[in-house]
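Here's the structure we're looking at; comments come further down.
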Amino acid sequence: MARHSEEDAGMAKAPPAARQRKKKPKENKTRTVHANILHDCAKGEENPNRHYANNKIKTTKYTVLSFLPKNLFEQFHRFANVYFVFIALLNFVPVVNAFQPELALAPVVFILSVTAIKDLWEDYRRHRSDKEINHMDCLVYSRAERRYVEKYWKEVRVGDFIRLRCNELLPADVLLLSSSDPDRLCHIETATLDGETNLKQRQVVRSFYDLDCEFDPLKYNSIIECEKPNNDLNRFRGYIIHRSGRRDALYKENLLLRGCTIRNTEEAVGIVIYAGHETKAMLNNNGPRYKRSKLERQMNVDVFWCVIILLVMCLFAAVGHGLWMFQYGDNRPVFDVLSPEGTNLSPIMSAIYLFLTMIIVFQVLIPISLFVSIEIVKICQVYFIHQDMDLYDEETDSHLQCRALNITEDLGQMQYIFSDKTGTLTENKMVFRRCTVAGVEYSHDANARRLAMYQEMDSEEEECMSHGGTLPRRDSVTSHQSARVVLRSQSTKSHRRTGSRAEAKRASILSKHTAFSSPMEKDITPDPKLLDKVNDCSSQMDFMRFHSQPISQLPSDLSDIIDFFIALTICNTVVVSSPNQPRHKVRMRFELKSPVKTIEDFIKRFTPSRLTSGSNSSSSSSLITNRSSNKGCSSLLSSPSAESTLTKLHEEQPSGGLEQDFSPIPPSYDGKASWNLEEGELRYEAESPDEAALVYAARAYKCSLVGRLPDQVIVELPHLGKLSFELLHTLGFDSTRKRMSVVVRHPLTDQITVYTKGADSVIMDLIKPPDTGNSKGKRQKKIVCRTQHYLNLYAADGLRTLCIAKKILSKEEYACWLQRHLAAETAIQGREELLFESALRLETNLHLLGATGIEDRLQDGVPETIASLRKAGLQIWVLTGDKQETAVNIAYACKLLDPEEELLTLNADSQEACALLLEESLHYIQAKFLCSPSGPTTKTFNTNFSPFDIYSSSSPSSQSTPFLVHRLGLVIDGRTLAYALDKSLEDKFLAVARSCRSVLCCRSTPLQKSMVVKLVRNKLKVMTLAIGDGANDVSMIQVADVGVGISGQEGMQAVMASDFALPRFRYLQKLLLVHGHWCYSRLANMILYFFYKNAMFVALIFWYQFYCGFSGSAMIDQWYLIFFNLMFSAFPQLITGTLDKDVSAETLQQLPQLYVNGQNSEEYKPYMFWMNMIDAFYQSLVCFFIPYFAYADSDVDLFTWGTPITTLALFTILLHLGTETKTWRQTDYTASQHANTSTSPQSSDMLLINC
Amino acid sequence: MMASSYNAKEEDGHHSGASSGTGVSKNKKPDNTAFKQQRLPAWQPILTAGSVLPAFFVIGLIFIPIGIGLYVTSNNIKEFEIDYTGVSSDSPCYNCAKNFTWNTTEPCVCTVNFTLHQPFESNVFMYYGLSNFYQNHRRYVKSRDDRQLNGDLSALTDPSKECEPYRKSGDVSIAPCGAIANSLFNDTLVLYYVDSNNSISEIPLVKKGIAWWTDKHVKFRNPAGNSNLTLAFKDTAKPVNWAKPVYELDPSDPENNGFINEDFIVWMRTAALPTFRKLYRIIQKKSGATPTLPNGNYMLNITYNYPVLSFDGRKRMILSTISWMGGKNPFLGIAYITVGSICFFLGVVLLIIHHKYDNRNTSADIPS
């Protein structure tokens, strides 16, 4: 309410301006949307929405007409193309006349057309998919027919009313006006948009909130004003103006985004606000990024050198020609032909002309096909990386995705890896590991063993899934690359038998969007001791209930246990769904004995809990009829009637007390089997994996969540059967409070109970200080003490800890609190703070029940991967938002930090302190490692880590500075990092950080992450790779040279921003060590070979100039000369460039040290270009002069002599490639043979001499 | 073990088959083929002493005999060369060379005497050689019209632009056009044998068969449609430097006249290097045991028409026999012997090094 009014106040300033703007809609800052049906008769002109984009999307770049000019224009952005066209055009100048002009154009035209065809094909594919999307169906309200009619997506316009059914894709950004859900909610799945798998709730616009009868578009006559289309998925502001003049604010909660899928909601109606290209999804849809790799940058330098060499050669020839002309003086020899005009050229003029001629003749030196070849090779490399089985993840059925096509070789040159922790190193799958209840620790050994087992065996056939009778298979939406939506039919599939565990696992992952529920998370082996106690406790309670004894007489440790599990079960926002229909909530309303009375009761009580801000209380769509009959269409605004709630509270509970709340089905032991079966079919959809883990854990102890409604939670307990907890209030989780609470009426004790769950640090402070007087207080103190002890243990094990506490409120206390809370909710100003305070008031003096340890398991193979990457000379930094202790623990677990290693921890409160700390650590490092190289640490370092030693001594970056990498770990927290990243300290920070073997930055913000990467990249001039899985890693991924996204649980934002997307962290090893190495060495060799090849060929002509008076004559036919690059020598090296392997994959993985090769750019160092040039010139000398002497003073004519030279050169070039090729394959032979047969093999004996 | 795993696979196949039938998402698992997994069978050559040393020896052993063979063959070829440019004043052609320019109309005749010390067996080829003549000059090479030379009538009267500035003389197009044709070598060489009793006999020089068959029969053709060459060329002018039109190149033989005159064809095939020779005549082998050119004194009668002194050129007359490898050139033989010897030598050196410093341990380290 408060926000609403605030919004209104803000908007109140707008109207006069808005009215003015309406006349010039193009300049509007806001968008005004009217309903189209009001303007149906006034076609076109008068429709106020006519200026807005329609829903037809067109992602193609070209039209039939614009293709040629536009594509050419784009291609000429590449300098090389301009150069080649310039050369080709130079041929048309008569004085220069080098080649047949038409022939000279051919290669350029070929290159341009190949690229153009590629572009055209891509564009055509886009066109096809656009067409498919544009022709999807949706229901649009038609005024003429007074009903919803099917229309194509492209016909949808802004202002149309759309009816959406369950599982339908949204065709445009739609403002939700009505929903069949009784709470006026609509659930959407945004997986296609951001990849996040949980359901998002959207609310009907407040004014239509209580409109319970069918929404009638004809009655709609409001006007919507909202902001201009933008690409912020998490923002939408606007207001709706009703005929009555009332305004209601609109939030992002009211907007359904294009590309999302409607779930859990039978039907929804909305008005289109943004359509087509103006939808948020489309505005977010950026094409692949263009990055230039390090190798390519280096290559460009050498291309530049080639140009210099070319110019020098041309200049040399021009001068030579001038001198040659000069020596004849005025006496022109017969063979010196006059210019076409018949004029006598002066030596200087003809030298200038010759210079141009030479540029054409020597054009081969600048490899025209190099760029095309590199692109082809890269595409092939990407294809092979994509096809690699080792990079395919069976569980998620996903491969590695290469999103940037042109930086494959950078993978082979990485020096620094920056990694996120959660979801990248860990699975981000929370598994319940152990717990402590009432001071007693239950270690769950069996559970630990089970987890270990999961880790060990992966794809072997194993036990059948116990409750795998039917497993859902939903088409997972795969096209994450673009936000383009693809219609997918939802289908459920039943497995006749669940054979291999892997398959079962995969199947469960396929349906992973439904919940965070791999079998690993779901099957929890209960601790026998605890299980006994739970059984014991519940049977006692059952007994007591049967004998109408008050439950409070239960021994406190037993009641703690049962409360603990109840808290685990209900203190969350988990939604229960059945697997047959993954996205449908279970429609099982627990019928109470006196339904009518209770429903009325609930309706009254319902209001406060539903108005809870930020609470994600879920709802059910049952009882529609009841509700609508109760509410009626008339009420437009429902104001929370606090009074009625309060009065209700004071009412006596209806007679019957306990019994009334109990299940009508008497709990029976016989029914247990069937209960189990039904139970197994329930799935839990949680917003965070922790919650799901806890609910599954409770289920293992037979305390299972059966259903959740906005106002009640149904829990099934052993012996007690189904219990319905009346949900009075939910205080949602937020990151400042770090806890959440639910207020329920306990059905057994009829007490108002608060269950709180939260971070240990917070909860421990809120525990009611035990009163040390009596024994109970002492016991309580002991419990708190012990729990804290276990919590420390858990943290040391790298578990995520949560504390569970409860509090019992008297009715008066609750009423008192509720009154103030309601006041806070309706407050106009500072509502957030008031609500926060209100929550604080409730969550005090808690009674500690216990604590849980949840394991965020490391992904498979993470320690091994880190070890081997480190051996490969890669520095690994972990940047995480987690708190220091957890991060350090995880770092130890994944072998990033070594227990033997010294740990430098930097925690500073101010700039000065930070500077001091850095200074100290620097001194410390120098003192410890530089002055005493024979110290014990260094010794172990030398012996234990000899490969690492190799790196530190051979890496140029280490060599250039006195810093070596020591066995030191650096841990720095976010605040200190902020100081350290300051301009004045960054050098020192780097100096410290780079001498540590591993760096761990905790509590870092996304911005800090990217700043760290940027700093390292720019200052140390190293190649950086950032890997992460969440939205908080996006900036880091974008800054790094290579960004890798993990397509994990946290959505697709990281993947969308990344260059490569991996299903798992451990694949990084093969990607870098094998594919990176291969791509780099292949491409580096290919580029060098290209330079060599062309230089060698051109040098032949250059030598000839000495024998033809520097006249630019060539003994090689112009066809050979022009098509040399394109046809005669391109193919073999393409094959080599894609398939050659210098070292086998196995060796590369076993010896990560080989990666250093790429890091130091050893395959392609600047001097290698010159070595290749010298080699080329030497080889061409041999190739030229052997025929020269062999044919000296003979009657050989120009081409009879030139062709053997060409053949010879080609053979030599191929032979050179052969020696460069490390592994020989059938295809290589064929390619070489193809090249050989292209030329006439004349004097093969000369070849022999040449070697 | 094998069987069971195979079974599992089959079942998997069944499953996927069944699932695809119901429209379930297909497995994106990459194919496990050798190509896609980059496991194509490949041979990775690793150079070891065991493979390199024999290679050196084999190359050496193959190359040296080839070289010796080539060298001997080349040495068996007899060649005689005489420069008749007339640079020095004691040369018989000094006067001709000094006075002659392209504009001179009067032919100048000079005679050079020489002695062959060895008889020339079998067919003897008579060449004229030019030095410092850049027939491979870029503009010169292009200055011709192949369509015209192939008898194309339209090209005859309208030659290609490439021929500029030797395309038209006044308004009449030149046939054959271009600089190459214009600079046709037009010295006439006649060879006489001087007997021991000083009687002079002319040696018969065959002027047919000196051009490439393809050139003569395919590339070069007289303008079609008219058997009378004079008429065929009536609308054309002779090249500037020529004394007589193209249809009078060899009036005695219509098969050797016009564009298909073999001297002309040989000239039109531009030489690769500035010092070159071109086949002029063939001296056919005589029947019986008498050598084609017995040793003794000879007289070369030159009609000196071709000025070369202006660009410091030289003219030579060469007599040579040929072998299967062409004319006399010892270079190839020497090159083969050198390379072979070097290989052999290197092989020996490496063998010694290998034996002396062979360390089993290090070589075992190299993974193969």
**OP:** Let me know if A:Tyr328 has heavy atoms under 4.5 Å from chain B in its side chain, its backbone, both or neither.
**Re:** side chain

**OP:** Give a yes or no on this: more than 12 heavy atoms of other residues, nucleotides or ligands lie within 6.0 Å of atom CZ of A:Phe326.
**Re:** no

Subject >> B:Tyr134-A:Asp336 side chain donor-acceptor pair, cut-off 3.5 Å >> reply: no

Subject >> A:Asp1193/B:Arg316 under salt bridge (charged side-chain N to carboxylate O under 4.0 Å, His left out): CA gap, chis, key distance, verdict >> reply: CA-CA 11 Å; A:Asp1193 191 23; B:Arg316 293 164 298 156; 3.1 Å; yes

Subject >> Portion of A:Thr1138 that has a non-hydrogen atom of chain B nearer than 4.5 angstrom >> reply: backbone

**OP:** With a 4.5 Å cut-off on heavy-atom pairs, point out which of B:Leu279, B:Thr275, B:Thr338, B:Leu273 contacts chain A the most.
**Re:** B:Leu273

**OP:** Go through the atoms of B:Glu79 and report whether side chain, backbone, both or neither lie under 4.5 Å from a heavy atom of chain A.
**Re:** neither

Original post:
Out of B:Ala179, B:Pro274, B:Ser183, which one racks up the most heavy-atom pairs below 4.5 Å with chain A?
Top reply: B:Pro274

Original post:
What do you reckon, are the aromatic ring centroids of B:Phe35 and A:Phe384 less than 6.0 Å apart?
Top reply: yes

Original post:
Going from CZ on B:Phe331 to CZ on A:Phe1185, what distance comes out if it is rounded to the nearest 0.5 angstrom?
Top reply: 10.5 Å

Original post:
Which is it for B:Trp212 and A:Asp1197 under the side-chain contact (heavy atoms from CB on, under 4.5 Å) test, yes or no, and what are the steps along the way?
Top reply: CA-CA 11 Å; B:Trp212 288 30; A:Asp1197 72 86; 3.9 Å; yes

Subject >> Largest heavy-atom contact set with chain B, pairs under 4.5 Å, which of A:Tyr1188, A:Tyr383, A:Phe1189 >> reply: A:Phe1189

**OP:** Give the intermediate values and the outcome of side-chain contact (heavy atoms from CB on, under 4.5 Å) for residues B:His137 and A:Phe1110.
**Re:** CA-CA 8 Å; B:His137 188 283; A:Phe1110 297 101; over 6 Å; no

**OP:** Measure the OG-NZ distance between A:Ser1194 and B:Lys328 for me, rounded to the nearest 0.5 Å.
**Re:** 15.0 Å

Original post:
With a 4.5 Å heavy-atom cut-off, do A:Val1196 and B:Arg269 have their side chains touching?
Top reply: no

**OP:** Apply the test side-chain contact (heavy atoms from CB on, under 4.5 Å) to residues A:Met1115 and B:Asn136: give CA-CA distance (whole Å), side-chain angles for both, the deciding distance (0.1 Å), then the verdict.
**Re:** CA-CA 8 Å; A:Met1115 68 292 195; B:Asn136 55 14; over 6 Å; no

Subject >> side-chain contact (heavy atoms from CB on, under 4.5 Å) assessment of A:Val334 paired with B:Asn182 >> reply: CA-CA 8 Å; A:Val334 276; B:Asn182 190 47; 5.8 Å; no

**OP:** Please check if atom OH in B:Tyr71 has more than 12 non-hydrogen atoms from other residues, nucleotides or ligands closer than 6.0 Å.
**Re:** no

Subject >> Check: B:Thr270 and A:Phe335 side chains under 4.5 Å, non-hydrogen atoms >> reply: no

Original post:
Any sub-3.5 Å donor-acceptor pair from B:Arg277's side-chain atoms to A:Asp1195's backbone N or O?
Top reply: no

Subject >> Residue part contacting chain A, namely of B:Asn241, when any heavy atom lies under 4.5 Å >> reply: side chain

